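Report on the structure given below.
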Amino acid sequence: MTCADFLSLLPQYPDQMPDDDTTAVFLAHAAECAECANLLVEQEAMLLALSTMDDDLEVPETFSSGWRKAVQEEALARPSKRGFASWKYAVTAAAALVVVLGGTALMRAGLILPDYANPKDQVSTAVSLEYDVAPSAASPATMMAYEMTGTASMKRSVDATVEGASYDVETEVEDAGSGNGAILLHSATINLSSERYDEVMASISSLLEANDGWVSYRSEYGESLEVNPEAGRYAYWETRVPVQALPQFVAAVSDLGHLTGSEMVTEDVSASYYDVQGRLDMYIAQRNRLNELMEKAEAVSDIIEIESKLGEVQYSIDSLSGRIQNWDSRAKDATVTISVTETAHAKEFARQPLRQRLKAGLANAVYALQAFAQDVLVFLVMALPYVVFIAAIGGIVYLVIYLVRKRKMRRTKK
Amino acid sequence: MQEDALLIKRAQKGDAEAFEALMTPLEKRIYALCLRMLTSREDALDCAQDTMLRIWRALGTYRMQSSFSTWALRIATNACLDMLRKRKNKPTTSLDALVDVGFAPQAEPEGSPETQAENADQRDAIKSAIAILPEDMRSALILRDVQGMAYEEVADVLQAPLGTIKSRINRARARVREKLTSTPEPFFENIVYADERRKDV
């Protein structure tokens with residue numbers, strides 16, 4: 001090693017030497033060269049002086065007490081800031097809650113997140129009937145998912161497997177009067193008690209007439225309280241009222257006396273209805289086919305067999321037609337059962353008893369809460385794709401801003 | 001370390017006592033750094049005070065990505081550099097010129113009178129040598145050779161690459177040694193040179 005090399009390495013001694021070998025050579029040169037050795041001593045003395053120059057340094061009392069006092073003053077003056085962090089979280093949580101609950105309410109009202117029908121849910125297939133079908137063995141195996149198109153017609157598909165042959169049925173059925181294609185059967189039950197029994201009975205008859213309703217069944221029994229104060233009359237009505245008039249009819253009847261009980265039921269029989277309708281259409285088509293075959297048949301045995309099968313098919317047609325007609329009738333006219341009990345001291349409560357109201361209120365509240373909780377979950381799931389999309393856009397914008405700022409900072413530093 | 005983490009969390013929530021406990025071990029280092037960077041006792045006091053408050057106010061931004069002392073010293077270094085920049089904007093006589101005519105940076109009353117007497121000249125000489133270094137070399141040298149921080153920590157505090165830090169320190173050492181050998185009061189007057197030492201070996 002030369003003295004020039006030694007001098008160039010000197011500032012790196014002792015903690016930045018390239019490797020141990022270099023250090024050894026470096027020190028060996030110092031052992032041989034007096035001038036370089038002196039330089040090494042100076043370097044070591046300088047480093048020692050640097051490392052110890054603050055050992056006896058005392059922190060001024062003014063500084064030590066000054067910063068403590070300043071920090072305490074700021075801490076005392078900052079209670080709102082100290083609580084700011086927790087307030088910040090509370091406000092964020094409240095905002096998130098408002099968004100979720102508000103969004104759910106808007107979704108329930110149909111104002112946001114429209115329920116787009118997934119085209120994949122609509123299934124329709126072609127139909128073909130085979131001659132050697134045994135209608136009695138026909139059993140529609142599965143009702144596939146059907147989709148309301150929002151128009152007056154509905155499409156459904158039935159996957160019917162009959163004796164190894166498979167049928168696909170496409171039918172278009174008319175709206176059965178519900179306005180949106182669903183077959184809904186409405187029924188109501190009203191239980192009344194009144195000391196004005198005769199008036200109530202007459203009013204029910206008047207209301208039926210006024211609403212184009214009719215009585216399908218009525219019974220009365222018991223003795224009038226005037227005759228036997230211990231008895232009292234009881235009447236049971238089964239009435240049919242056009243669906244459009246149901247709400248006002250029920251409201252009007254409920255006001256005739258003391259309402260001891262009521263119930264409103266809406267049964268959706270669309271699935272069964274259209275299943276039966278489809279089967280009916282199938283049988284009708286089968287009957288037509290059999291009639292065609294009958295015209296062409298020549299052999300007596302063929303004619304007998306075709307007639308036998310025609311009979312079976314017709315029986316099925318009649319049975320299914322009856323069911324369809326029954327549903328049509330019940331969908332057109334709601335069923336309202338009314339019971340009237342004569343009481344001596346029936347008080348015309350404007351409201352139900354408190355206990356009943358509390359019980360009903362609690363039950364309604366629990367039900368409403370359950371329903372709302374389910375709706376919240378649905379809203380969160382429906383909103384998730386939108387949230388992800390917005391978050392992705394926001395992330396890209398944030399990244400762009402960050403890169404632009406970074407580039408500006410680099411330019412400033414240069 | 002866990003205790004420090006707890007103190008940091010408490011201090012971040014506004015606990016002044018936790019902050020004091022956290023900063024007490026660092027106050028001497030911070031004051032010493034300010035003193036060596038600024039060379040003026042008054043400026044060092046102002047800067048150190050300002051640094052403590054900056055650290056207190058910026059606690060919420062500390063994310064434990066580096067050690068707390070590294071983070072705090074980074075703030076202290078930036079505070080010193082800010083003050084040096086402010087100073088540059090004010091017309092002052094250059095420190096180099098003052099040193100050339102015999103001015104020594106204000107000495108901090110340090111240690112016992114006995115040690116003061118023994119080491120006063122040496123300390124003044126080395127302080128003068130550090131004081132005339134450029135800011136980037138001065139800060140690197142102080143953090144490494146005076147305060148004993150590891151090279152990686154110094155790089156973290158000064159937010160510069162490791163290679164750059166090593167280079168600055170090397171150049172700073174060379175300049176300080178050169179200055180010490182050229183001052184009127186030789187720093188190396190009392191040291192034992194190799195010639196004399198070799199005789200003992």
Side-chain angles (χ1 to χ4, degrees), chain A residues 7-16 27 30-86 88 413, chain B residues 12-17 19-20 23 27-29 31-32 35-36 41 44-45 48-49 51-53 56-57 60 108-112 115-116 119 122-123 125-127 129-130 141-142 144-148 151 166 169-174 176-177 180-181 187-188 191-195 197-198:
Chain A
L7 200 59
S8 71
L9 279 172
L10 188 60
Q12 297 177 42
Y13 183 82
D15 53 355
Q16 284 192 50
L27 292 172
E32 291 167 0
C33 174
E35 273 191 40
C36 291
N38 290 338
L39 292 175
L40 182 59
V41 168
E42 286 176 354
Q43 176 81 355
E44 288 172 340
M46 179 192 75
L47 291 174
L48 180 63
L50 284 169
S51 67
T52 56
M53 71 185 292
D54 285 338
D55 284 357
D56 296 331
L57 178 67
E58 287 179 4
V59 176
E61 181 54 34
T62 48
F63 165 62
S64 193
S65 59
W67 71 262
R68 283 177 169 80
K69 188 180 167 193
V71 163
Q72 278 168 4
E73 281 172 4
E74 279 212 10
L76 285 171
R78 216 213 278 185
S80 58
K81 278 190 188 177
R82 203 185 311 156
F84 178 70
S86 56
K88 198 168 58 172
K413 273 190 177 177
Chain B
Q12 283 175 329
K13 289 178 186 171
D15 188 341
E17 282 182 15
F19 182 73
E20 276 180 44
M23 294 305 296
E27 68 174 344
K28 182 179 174 181
R29 288 178 73 180
Y31 174 70
L35 185 61
R36 300 307 167 213
R41 189 170 180 270
L45 280 170
Q49 185 93 349
T51 297
M52 293 308 223
L53 283 173
W56 165 250
R57 290 166 189 159
E108 182 67 21
E110 300 164 357
S112 64
T115 47
Q116 277 186 31
N119 300 323
Q122 275 200 332
R123 285 210 175 99
I126 205 154
K127 282 176 203 169
I130 293 172
L141 187 77
I142 290 169
R144 170 65 197 147
D145 288 340
V146 178
Q147 299 213 353
Y151 280 95
K166 287 182 176 178
I169 290 170
N170 289 344
R171 286 184 286 136
R173 285 174 180 171
V176 167
R177 203 180 60 77
L180 289 173
T181 52
F187 173 83
F188 301 114
I191 65 170
V192 177
Y193 277 94
D195 312 56
R197 198 187 294 170
R198 213 190 299 182

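Predicted model only: the values in this text are computed from it and were never measured. Note on naming: letters A, B, ... go to the chains in the order of the sequence lines (proteins, then strands), and numbering restarts at 1 for each one. Heavy atoms only: backbone and side chains are in, while hydrogens, waters and symmetry mates are out.
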Which is it for A:Gln72 and B:Glu20 under the side-chain hydrogen bond (donor to acceptor under 3.5 Å, both in side chains) test, yes or no, and what are the steps along the way?
-> CA-CA 9 Å; A:Gln72 278 168 4; B:Glu20 276 180 44; 2.7 Å; yes
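- No salt bridge links A:Arg68 with B:Glu17; every basic N to acidic carboxylate O contact stays at or beyond 4.0 Å.
- Scanning for salt bridge (charged side-chain N to carboxylate O under 4.0 Å, His left out) contacts around B:Arg173 gives A:Asp15, B:Asp145, with sequence neighbours left out.
- Contact between B:Gly14 and A:Ala75 at its shortest, heavy atoms only, is O-CB, 3.9 Å.
- From A:Ser64, atom OG reaches atom CG of B:Leu45 across 11.0 Å, with rounding to the nearest 0.5 Å.
- Nearest heavy-atom pair across A:Trp67 and B:Gln49 is N-OE1, 3.3 Å.
- The shortest side-chain heavy-atom distance between A:Leu39 and B:Arg177 falls under the 4.5 Å cut-off.
- Among residues two or more places apart in sequence or in another chain, the side-chain hydrogen bond (donor to acceptor under 3.5 Å, both in side chains) test is passed with B:Gln147 by B:Arg29.
- Contact of B:Ile130 with chain A is made through the side chain alone, with heavy-atom distances under 4.5 Å.
- When heavy atoms are compared at a cutoff of 4.5 Å, B:Arg144 approaches chain A solely by way of its side chain, counted from C-beta outward.
- In this structure, the side chains of A:Val71 and B:Arg57 stay at 4.5 Å or more apart for every pair of heavy atoms.
- Between A:Glu58 and B:Lys28 no salt bridge is recorded (no basic side-chain N to carboxylate O distance below 4.0 Å).
- Heavy atoms of A:Leu40 lying under 4.5 Å from chain B are absent altogether.
- Between A:Glu42 and B:Thr181, the side chains place no donor N or O within less than 3.5 Å of an acceptor N or O (distance only, hydrogens not considered).
- How far CZ of A:Phe63 is from OG1 of B:Thr51: 7.5 Å, rounded to the nearest 0.5 Å.
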Apply the test side chain to side chain contact (heavy atoms under 4.5 Å, CB included) to residues A:Gln12 and B:Ile169: give CA-CA distance (whole Å), side-chain angles for both, the deciding distance (0.1 Å), then the verdict.
-> CA-CA 9 Å; A:Gln12 297 177 42; B:Ile169 290 170; over 6 Å; no
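- For the atom pair CE (A:Met46) and CD1 (B:Ile126), the distance works out to 6.5 Å, reported to the nearest 0.5 Å.
- Interatomic distance, B:Leu35 CG to A:Asp54 CG, rounded to the nearest 0.5 Å: 7.5 Å.
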